[in-house]
Structures are given as structure tokens and as C-alpha cells.
Amino acid sequence: MPIELRYPDGTIVTHPDGITGIEVARDIGPRLAEAAVAVRLDGHLLDLGRTLDRDGDFAVVTLDDPEGLDILRHSSAHVLAQAVLTEYPGATFAIGPAIEDGFYYDFAVEVPFTPEDLERIEARMRAIVTEDQPFERVTMSRAEALGVFAGHRFKTEIIEAVDPGEVAPGEEVSVYRNNDFIDLCRGPHLPSTGRIPAFRLTRTSGAYWRGDEGRDQLQRIYGTAWASEGDLAGYLHRIEEAERRDHRRLGPELDLFSFPGELGPGLAVWHAKGGQLRKLIEDHSRRLHERFGFEFVFTPHLMKADLWRISGHLDYYAEYMYPGMELDNDQEYRVKPMNCPGHILVYQSRGRSYRDLPMRLSELGTVYRNEKSGVVHGLLRARGFTQDDSHTFCTEDQLGAEIRHQIEFTLKWHRDFGFDERLVEAELSTQPEKSVGDQARWEISEKLLARALDELEVPYRIAPGEGAFYGPKIDIHVRDAIGRRWQMGTVQLDFNNPERFGLEYTTSANTAETPYMIHCAKAGSLERFMGVLVEHYAGAFPMWLAPVQVTVIGVADRHHDYAVTVAGRLGTAGLRVEIDESGETVGDKVRRAITQKHPVLLVVGDDDVANGTVGLRLYGEERDTRGVALDDVVASLTEMARIPE
RNA sequence: GCCGGAGUAGCUCAGUGGUAGAGCGAGCGAUUCGUAAUCGCUAGGCCAGGGGUUCGAUCCCCCUCUCCGGCUCCA
């Protein structure tokens with residue numbers, strides 16, 4: 001029975017039954033056959049040597065395809081495991097998938113790997129690649145497989161579980177063999193180890209078996225693999241670029257913030273420049289909250305423990321809360337990890353009617369969370385931070401419009417900081433297995449959250465069951481200047497707190513109703529947001545955010561008075577200006593301003609004093625413009641420094 | 001919290017079982033210069049903290065703290 005394959009260009013070609021993927025590829029073209037690493041038949045990836053036994057959409061997969069890279073990385077993981085099992089007798093292996101940009105493999109070994117081990121393993125891997133060992137696919141029964149992997153307890157566990165995610169369905173399992181190395185695997189793989197063009201082992205770490213803290217701690221080795229040495233170099237360059245942008249490095253360098261050891265982990269101090277930046281961001285936050293109809297409230301950092309008992313935090317969140325302190329006749333107090341209970345008390349301070357709703361309460365609320373010691377990470381994961389937090393109380397009728405309103409706000413917020421529509425993605429997390437709250441409310445809310453995203457044309461994916469137990473949520477993610485994805489703001493429904501606190505409003509029919517409560521943070525944590533901003537802009541902030549917008553440099557000391565005049569004019573126009581008064585050379589002063597990433601540099605010399613002009617150089621530009629009239633500079637810089645409308 | 005790595009001047013890093021060095025930065029002096037580093041001098045270190053081994057420890061061992069890479073967690 002011949003089979004009909006439809007190629008990506010739409011043509012349908014008939015082939016004899018039993019033809020293999022590589023044979024079809026050869027039939028299409030010898031160069032394609034050479035580049036081929038696998039084929040795809042109706043969405044299923046198959047090894048090149050597998051026979052094709054049915055009609056379907058057919059495509060040859062090469063290393064230019066994302067799937068091709070996944071296969072390359074997966075095969076690289078096998079070679080890694082082969083190298084480790086060869087070099088370290090007694091080692092056993094767990095799982096080794098492809099991940100973004102690379103792969104890893106988890107091992108159980110007597111002694112953890114050292115950087116020297118990594119070199120040794122990498123050398124062995126190179127030898128395996130040079131030997132160009134073919135990957136051979138073999139299927140066998142579970143019983144046989146249990147025999148093959150006897151003594152490898154993790155593999156045995158996988159086979160016994162017959163996890164459909166890791167092993168082909170049914171009783172048969174597939175394994176891949178190259179030389180005497182054999183691994184349980186669904187495949188597909190490269191035709192042979194020699195088809196790995198470029199790889200590098202990058203680091204080691206501990207990892208738990210099955211990701212479970214309570215189970216074996218394994219040794220994980222990470223690597224990266226690419227279609228060419230050039231791609232590998234490009235990847236390593238991107239890593240360097242990310243390091244260059246690291247906010248933990250730029251923060252102190254640009255005098256923005258630091259984490260003094262005396263304070264304790266995860267606690268930052270903001271220096272004057274970072275304080276200026278933060279003030280600008282907070283000002284913008286308040287401006288927009290006001291424009292979007294929010295009211296400002298303030299709640300204390302310390303509240304009676306009973307409040308956290310009512311809210312349920314002491315039941316569900318206690319491990320993140322700092323220990324209580326006993327005051328006034330054994331009254332226990334807690335530092336707040338969240339702002340919600342405070343805002344609820346504001347709501348509850350008097351009887352509310354439907355006429356009060358929607359009530360949007362916001363606060364730049366500083367909270368403290370006792371993050372585990374191993375997870376604090378600069379501003380991105382701090383123990384003390386400030387949320388641009390808000391809690392909105394509304395009726396069911398208002399809910400749809402309100403959700404949309406808050407998402408619009410969040411989008412506007414990100415747009416203003418350089419994350420436009422193209423860089424924003426959302427994630428809609430729905431009801432988990434264990435949840436509280438009225439089922440009807442869950443359904444209505446999830447529907448309205450999705451509808452708002454549709455209407456606002458925000459691309460999103462649904463994370464089924466990933467919502468908090470108290471309500472569904474939308475998380476806003478952005479991609480930064482080098483393509484990394486960050487989770488930023490969030491819009492969350494909360495069915496738990498209104499119930500626990502017994503919130504009510506009086507309807508027009510004079511009945512009591514429980515309001516909907518929407519938790520929304522636009523930036524999330526200001527600290528985290530600013531950390532991401534630093535990395536996004538690589539410390540070179542746009543004019544309106546730059547702590548120092550303009551540096552004025554006199555060519556020689558005799559130009560100092562004129563420099564002061566220029567700075568005065570700019571300052572009067574509302575610009576943030578510094579004069580470099582050091583006795584250094586012009587070249588050195590220019591370099592310092594550039595190193596500090598100041599957006600605008602004005603150099604003034606004899607000609608400028610005589611003509612009322614300046615020499616203008618913008619950050620990121622190699623050239624400068626001489627003899628620009630001071631009035632023009634004031635006008636154009638003021639325009640450049642405009643706050644987003 | 002767990003696994004691994006690392007802590008030497010403000011920063012980036014050399015260094016040795018016999019009580020420490022460079023570059024940058026800082027201060028001072030000279031230089032007065034037109035767009036990415038002018039020259040010189042000076043100051044600055046409980047070598048993360050504590051304990052041990054040793055005649056002697058920054059160096060070797062143990063503990064603690066902090067940071068880094070992951071894991072885990074992420075109401």
C-alpha cells in the first residue's frame with residue numbers, strides 16, 4: 001500500500017509503504033537529506049531511520065527548526081550521560097531533557113561534580129562526538145527494560161510508573177543505544193553523535209529527584225548545544241551581555257542602590273541617584289493611579305497577629321512571615337507581608353453601599369517576606385519591598401469593566417517604561433483543585449478575565465489549575481531588550497478575604513451582598529520592577545527617568561562660570577543637571593559621563609562662551625554637534641525629557 | 001531550606017605556612033586641555049567572623065555569616 005505524504009509546500013507525493021524518513025528526504029534533495037535530523041509526520045517527530053507507514057503531513061526537521069534544536073540538545077544530554085557513566089563507575093542517571101538553549105542531565109554520584117570534573121566529562125563527550133556513534137532505537141517490553149536497567153533505580157522507577165510523558169504509551173518502551181550506552185528514551189535522536197556541531201558544559205548544581213525536596217538530591221550538569229560554533233559563540237555572547245546588564249552590578253556602579261551586609265540578605269538601601277529614579281517612578285505611579293480613578297490609603301507596617309489570623313495568612317503563609325513580637329500585655333504583632341488586610345479595614349471602616357463601588361484603594365505598600373535564604377536575588381527577589389498595590393471592591397455587574405480597566409492600566413504602565421504591546425504577554429491561571437469560594441464566582445471571573453484579554457488583544461496562554469486557591473488571576477509578562485521574559489504585574493480575584501472578613505455592601509434593593517475583590521499590582525514589587533528596568537535599559541535610562549539627565553563639562557577652568565550659567569538655564573527648565581568640575585581632561589570627563597550613562601553631555605569652551613552655544617553629545621552616539629544655541633538646547637532637551645502622557 | 005562554588009583595599013583581581021601587591025577609584029599637587037583614561041604623590045587591608053592544627057595561619061581543617069550558580073518554594 002503506497003502512502004501519500006503532503007510536504008510543507010502543499011504538494012502530495014506518493015511513496016512506497018515502509019520507506020524511511022531519510023529516504024524521503026533524499027528523494028526531496030541531497031542537501032536537505034544531509035541537514036536532516038528527524039522527520040515530522042502529522043505532528044509526530046520520528047527518527048530518520050523509522051519507516052513511514054501512513055499518509056500525512058510530512059516535513060523534514062533540520063537544526064534550523066526549533067524541534068531540530070531540541071533533538072540536538074536531547075541527544076547531547078545522552079552523550080553527557082554516556083560520558084558520565086563511562087568516567088564515573090557507580091554513577092547512575094535519572095533524567096536528561098532539552099531545555100531552553102540547552103540541556104541537563106541529573107545523576108546520583110558518590111561525590112558531587114567539581115569544575116574539573118566538568119572538563120573531564122566534556123573531553124569524554126568530545127571523544128564520543130568524534131567517534132560518530134550511531135543512535136539506534138530499540139523497542140522492548142517493560143519486563144525486558146527492567147532487566148536492561150537493573151541497578152539504575154531512577155530508570156526503574158520511570159519504567160514502573162510508565163509515565164506517558166517520558167515513555168512511549170503501551171507496554172513497549174523505547175530505548176536508544178549508541179555503542180554500549182543505552183538509555184530509556186522516547187526520542188527521536190540525531191542519527192549519530194557526530195551530528196552534534198557545537199556544545200559546551202556550563203555548570204553543575206544540585207537538583208531533587210522528581211523536583212521533590214523530600215527525595216534524593218541529585219547532581220545536575222547543565223550544557224548548551226547549537227547548530228554551529230557560530231551559534232554557540234552567539235549564545236555565549238548573549239550570556240555575557242546579560243552579565244553586563246546585571247542590576248546587581250549596575251546598581252552599585254551607577255550609585256543606585258546596594259545591599260550592605262550589615263542590613264542582612266535581601267534588604268536594599270537606595271542611594272541618592274537610585275532614590276531619584278525611584279521617586280520618578282513612584283511619582284508616575286501616583287499620577288497614573290489618580291488618572292485611573294484610584295484613591296490613596298496608607299496602612300501601617302505592623303499589625304496585630306489576630307488580623308493575620310482572620311485573613312488566613314497565619315494558616316497559609318506563616319513561613320514567609322517574620323516571627324511575631326509580644327507587646328502590651330502579651331499582644332502579638334506581625335510585620336505585614338501583604339497589604340490586603342489593611343485595605344480591607346479601610347473598606348470596613350463604615351457601612352458601604354453599591355453607590356460607593358467600585359472602590360479602588362491603592363498604596364505603595366512596603367512589605368516584608370521571609371524568603372528562604374537560598375532564593376534572595378538582588379532586587380528581583382528581596383525580603384523587603386514595596387508593592388504598587390491596590391484592592392478594588394466592586395459588584396458583579398461592574399466586574400467585567402473593572403477587570404478590563406485594571407488590565408488597561410497595567411498595559412499603560414508597561415508601555416510607559418518601554419514595554420509596548422509587542423513585548424507583553426499574559427498568563428491566565430484558572431481554578432486549582434483545592435480552592436475556596438463560590439463556584440459561580442469562579443466561573444464568572446475566569447470568563448471575564450479571558451474576555452478582557454481578548455478585547456484588549458493581549459496574547460495569553462491559559463495555565464489550567466494554576467490559580468491561587470482564593471481566585472483566578474492574570475499575570476503580565478514582558479520581554480526585555482535582550483528577549484528575556486519577566487513576570488511583572490498581576491490582576492487577581494480574591495474570593496477568600498471578603499468572605500473571611502465578612503465584607504458587605506448594601507444593594508439598591510436594600511439587601512446585603514459580598515463585593516468582588518480585585519487585587520492588582522501594576523509593577524508588582526517596585527524593587528523588582530526597577531531591577532528589571534535596569535537590565536532592560538542596561539542602566540542607560542530614557543531621559544525622563546535618568547537620575548542625571550545632563551552633564552555640563554567646561555573645556556578649561558575658565559569656562560566654569562559659563563558652565564554654571566548653562567546648568568542654571570537647564571535647571572530652571574526642570575532638567576536634572578550636573579557640572580563636572582574636576583580638573584581632568586575633557587576626554588576623561590566625557591568618559592566619566594558616558595560610563596555613568598548620562599543621556600546628554602554638553603561641552604562648553606571659548607567659542608561657546610563667545611556665542612552663547614554648547615557642544616551637544618547624546619548617549620550612544622559617537623559624534624557631537626558643536627555650536628548649538630543654548631536656547632535651542634534647552635527647548636530640545638526639555639522635549640526629550642517629557643514624561644509619558 | 002538543600003547541593004556546589006566563592007569571600008584579600010571602595011571596585012576588579014594577583015599572591016605566599018614566616019604578619020600583603022597591582023590596576024581602577026579616592027584625596028592632594030601639577031597640568032587648562034574641544035568629545036571614551038594627562039602626570040606625580042599620598043592614604044587605604046583584623047586577608048568575611050569564630051574556633052582548631054602549627055614555633056608561626058591570609059594560606060591547612062571545622063563552624064558561622066554573606067555572595068554566586070542551580071534546586072525547591074512562590075498566599
Side-chain angles (χ1 to χ4, degrees), chain A residues 99 104 106 109 111-118 202-222 243 246 248-249 252-253 255 258-266 308 311-321 337-338 340-341 367 369-378 381 432 436 466-471 473 475 487 490 492 494 496-497 519 551 553-560 580 582-596 601-608 614-619 621-627:
Chain A
I99 54 173
Y104 68 79
D106 286 344
V109 284
V111 184
F113 297 116
T114 63
E116 293 72 44
D117 288 322
L118 228 54
T202 50
R203 53 182 177 264
T204 61
S205 82
Y208 300 105
W209 170 234
R210 297 291 198 201
D212 184 342
E213 236 176 326
R215 306 194 63 177
D216 298 61
Q217 173 119 29
L218 306 172
Q219 293 300 312
R220 176 170 297 177
I221 297 178
Y222 284 92
E243 277 168 17
D246 194 323
R248 292 167 302 180
R249 173 202 191 95
E253 258 176 40
D255 202 16
S258 61
F259 290 89
E262 294 84 341
L263 285 189
W308 304 107
S311 69
H313 284 91
L314 284 177
D315 293 329
Y316 297 98
Y317 202 62
E319 61 171 319
Y320 289 99
M321 293 177 67
M338 290 189 196
C340 352
V367 297
R369 297 183 185 174
N370 188 12
E371 298 286 355
K372 287 185 190 173
S373 60
V375 306
V376 294
H377 182 89
R381 193 78 178 267
V436 301
E466 293 293 308
F469 74 84
Y470 53 80
K473 64 171 177 176
D475 291 319
Q487 197 201 304
T490 179
Q492 288 187 239
D494 186 340
N496 185 46
N497 271 306
H519 168 108
T551 306
I553 292 169
V555 172
D557 287 349
R558 66 178 177 280
H559 308 119
H560 180 252
D580 188 336
S582 69
E584 288 298 336
T585 58
V586 174
D588 188 71
K589 288 187 279 197
V590 166
R591 179 175 175 276
R592 278 150 58 143
I594 292 173
T595 308
Q596 287 296 301
L601 235 150
L602 300 180
V603 179
V604 295
D606 289 336
D607 296 346
D608 299 302
V614 299
L616 172 69
R617 174 168 171 160
L618 300 179
Y619 182 85
E621 293 184 5
E622 299 282 325
R623 300 192 63 84
D624 59 284
T625 314
R626 303 276 170 92

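Just so it is clear: chains get the letters A, B, ... in the order the sequence lines come, proteins before strands, and each one is counted from 1.
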Start at the 5' end of RNA chain B and walk down; is the nucleotide closest to A:Thr625 or to A:Tyr316 reached first?
-> A:Thr625

Excluding sequence neighbours, so at least two apart, what forms salt bridge (charged side-chain N to carboxylate O under 4.0 Å, His left out) with A:Asp580?
-> A:Arg592

Residues that A:Val586 engages under side-chain contact (heavy atoms from CB on, under 4.5 Å), provided they are two or more places apart | A:Val555, A:Val590, A:Val603

Within this structure, what is the NE2-to-P distance between A:His377 and B:C68, rounded to whole angstrom?
-> 7 Å

Looking at B:G70, does its base get a donor-acceptor pair with the side chain of A:Tyr208 below 3.5 Å?
-> no

Would you kindly check if the NZ (Lys) or CZ (Arg) of A:Arg203 is within the cone defined by 45 degrees around the ring axis of A:Tyr222 and under 6.0 Å from the six-membered ring centre?
-> yes

Considering only B:C3, B:C68, B:C71, which nucleotide approaches the side chain of A:Val375 most closely?
-> B:C71

Extract the stems that RNA chain B is part of, considering only consecutive pairing runs of at least three Watson-Crick or G-U wobble pairs, both distances under 3.5 Å.
-> B:1-7 with B:65-71, B:10-13 with B:21-24, B:26-30 with B:38-42, B:48-52 with B:60-64

Nucleotide B:C3, atom P - distance to CZ of A:Phe113 in whole Å | 16 Å

A:Arg623 side-chain N/O to B:G34 phosphate OP1/OP2 under 4.0 Å = no

P atoms of B:C24 and B:C41, separation to the nearest Å | 12 Å

When you compare B:G29 with B:G17, how far apart are their C1' atoms, in angstrom units rounded to a whole number?
-> 43 Å

Which value, in whole Å, describes the distance between the C1' atoms of nucleotides B:U8 and B:A22?
-> 13 Å

Distance, rounded to the nearest Å, where A:Asp106 contributes CG and B:G69 contributes C1' = 15 Å

Hits for side-chain hydrogen bond (donor to acceptor under 3.5 Å, both in side chains) against A:Asp557, two or more places apart or cross-chain, chain-then-number order -> none

Which pair of heavy atoms, one from A:Lys372 and one from A:Glu319, lies closest together, and at what distance?
-> CE-OE1, 4.2 Å

OP1 or OP2 of B:G1 less than 4.0 angstrom from a side-chain nitrogen or oxygen of A:Ser373, does that happen here?
-> yes

Rounded distance in Å between the C1' positions of B:C60 and B:U54 = 10 Å

Tell me which nucleotide among B:A36, B:G70, B:C67 gets nearest to the side chain of A:Gln217.
-> B:G70

Please measure how far the C1' atom in B:C11 lies from the corresponding atom in B:C33, and state the result in whole Å.
-> 28 Å

OP1 or OP2 of B:C71 less than 4.0 angstrom from a side-chain nitrogen or oxygen of A:Tyr222, does that happen here?
-> yes

Hey, does A:Gly615 reach any base, or is it just sugar-phosphate, or nothing, if we go heavy atoms under 4.0 Å?
-> base

For A:Arg220 and B:C2, what is the distance between atoms CZ and C1' respectively, to the nearest whole Å?
-> 13 Å

Those residues at least two apart in sequence (or on a different chain) that pass side-chain contact (heavy atoms from CB on, under 4.5 Å) with A:Asp106 are A:Ala94, A:Ile95, A:Tyr104, A:Ala207, A:Leu218, A:Arg220

Integer angstrom distance from the C1' of B:G50 to that of B:A9 | 23 Å

Gap in Å between the two P atoms, one belonging to B:A20 and one to B:G45, rounded | 13 Å

Give the rounded distance in Å between these two atoms: CZ of A:Arg369 and P of B:G1.
-> 19 Å

Name the nucleic acid region contacted by A:His559, choosing base, sugar-phosphate or nothing; use a 4.0 angstrom heavy-atom cut-off, strictly under.
-> nothing

NA contact type, A:Gly587, heavy-atom cut-off 4.0 Å: base, sugar-phosphate, or nothing?
-> sugar-phosphate

Please work out if A:Asp607 contacts a base, only the sugar-phosphate, or nothing of the nucleic acid, heavy-atom cut-off 4.0 Å.
-> base

Sorted by position of nearest nucleotide on RNA chain B, 5' first, the leading residue of A:Asp246 and A:Asp608 is A:Asp608

So do A:Thr204 and A:Pro112 actually touch side chain to side chain, heavy atoms under 4.5 Å?
-> no

Do A:Asp624 and B:G34 have a side chain to base donor-acceptor pair shorter than 3.5 Å?
-> no

Partners of A:Gln596 by side-chain hydrogen bond (donor to acceptor under 3.5 Å, both in side chains), sequence neighbours excluded?
-> none

If the sugar-phosphate is the primed atoms plus P, OP1 and OP2 and the base is the rest, what is the B/S/- string for nucleotides 23-33 of chain B, using protein heavy atoms under 4.0 Å?
-> --------BBB

Minimal non-hydrogen separation, A:Trp308 against A:Met338, with atom names | CH2-O, 3.4 Å

Take atom C1' in B:U31 and the same atom in B:C39, then report the distance between them in whole Å.
-> 8 Å

Can you sort out the partners of A:Leu263 under side-chain contact (heavy atoms from CB on, under 4.5 Å), two or more places apart, ordered by chain and number?
-> A:Pro260, A:Leu267, A:Val269

Quick one: A:Glu371 CD to B:C73 P, roughly how many Å, whole number?
-> 13 Å

4.5 Å side-chain heavy-atom contact, A:Glu466 and A:Pro432 = no

Pairing residues for A:Asp246 by the salt bridge (charged side-chain N to carboxylate O under 4.0 Å, His left out) criterion, not counting sequence neighbours | A:Arg248

Select base, sugar-phosphate, or nothing to describe what A:Arg381 touches, counting heavy atoms under 4.0 Å on all strands.
-> base

How long is the line joining CD1 of A:Ile99 and P of B:C71, in whole Å?
-> 8 Å

Please give, in whole Å, the distance from B:U72 P to A:Lys372 NZ?
-> 11 Å

